[in-house]
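Just so you know, these numbers use all the heavy atoms, side chains as well, and skip hydrogens, waters and symmetry mates.
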Amino acid sequence: MKIAHTAPRSVKKALREQRLNNIVVTVERADGTLLQFDGDEESQKRLDRYSRRMRANGVAGGPWTMADNIPREVTVEEMEQALDLALQAQGDLWFL
């Protein structure tokens, strides 16, 4: 949905908030499998914490509930890529 430049700032902020809460990013595996991660701010925090702890503990991957609510085994690298994509998508939406 495009919003007019003349719209009140409060309307622009509400639309941005809605878009931020609905970010979904896609990571493609080498075999072509597509993994869709939620990319909202809370999901970004979870991806960051979980991937950091996994890496710190020498764990290559673990379970993650995907955007479609189906649990999958993912790698630390896939989680980090999803986080990077989510941060980029957030940045693209941030400025009004």
Q: Among Val74, Val25, Thr75, find the residue that satisfies the side chain to side chain contact (heavy atoms under 4.5 Å, CB included) test when tested with Leu35.
A: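 It is Val74; the other options fail the test.
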Q: Do the side chains of Leu87 and Val27 join up, straight or via other hydrophobic residues, at under 4.5 Å, putting them in one cluster?
A: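 Result: yes, single cluster for both.
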Q: Does Met66 reach the side chain of Pro71, with side-chain heavy atoms less than 4.5 Å apart?
A: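 Not touching, per the 4.5 Å side-chain cut-off.
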Q: Distance check, rounded to the nearest 0.5 Å: Glu80 atom CD versus Arg55 atom CZ?
A: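 Reported value, rounded in 0.5 Å steps: 4.0 Å.
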Q: Can you measure from CD (Glu17) to CG (Leu20) and round to the nearest 0.5 angstrom?
A: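 Atom-to-atom, Glu17:CD and Leu20:CG are 6.0 Å apart.
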Q: Does the side chain of Gln36 come under 3.5 Å of the side chain of Thr26 through a donor N or O and an acceptor N or O?
A: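 Yes, because at least one side-chain N or O of Gln36 sits under 3.5 Å from a partner of the opposite role on Thr26.
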Q: Examine distances only and state if a side-chain atom of Asp68 and a backbone atom of Ile70 form a donor-acceptor pair shorter than 3.5 Å.
A: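 Looks like yes, one N/O pair under 3.5 Å.
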Q: Could you grab the distance from atom CG of Leu93 to atom CD of Gln18, nearest 0.5 Å is fine?
A: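 If we round to the nearest 0.5 Å, Leu93:CG and Gln18:CD are 11.0 Å apart.
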Q: In Å and rounded to the nearest 0.5 Å, what is the CZ to CZ distance from Phe37 to Arg72?
A: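 Here the rounded value is 9.0 Å.
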Q: When you check the gap from the basic side-chain N to the acidic O, do Arg29 and Glu77 get nearer than 4.0 Å?
A: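 Glu77 and Arg29: not salt-bridged.
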Q: Please round to the nearest 0.5 Å and tell me the distance separating atom CD of Gln88 and atom CD1 of Ile23.
A: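 Result: 10.5 Å between the selected atoms.
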Q: Tell me if the CZ atom of Arg52 is crowded by more than 12 foreign heavy atoms within 6.0 Å.
A: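 Counting neighbours around CZ of Arg52, 12 or fewer heavy atoms of other residues, nucleotides or ligands fall under 6.0 Å, so no.
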Q: Can you measure from CH2 (Trp64) to OG (Ser51) and round to the nearest 0.5 angstrom?
A: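 Atom-to-atom, Trp64:CH2 and Ser51:OG are 8.0 Å apart.
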Q: Tell me whether Asn57 contacts the main-chain N or O of Arg53 through its side chain, where contact means a donor paired with an acceptor under 3.5 Å.
A: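 Checking the backbone N and O of Arg53 against the side chain of Asn57, a donor-acceptor pair under 3.5 Å is found.
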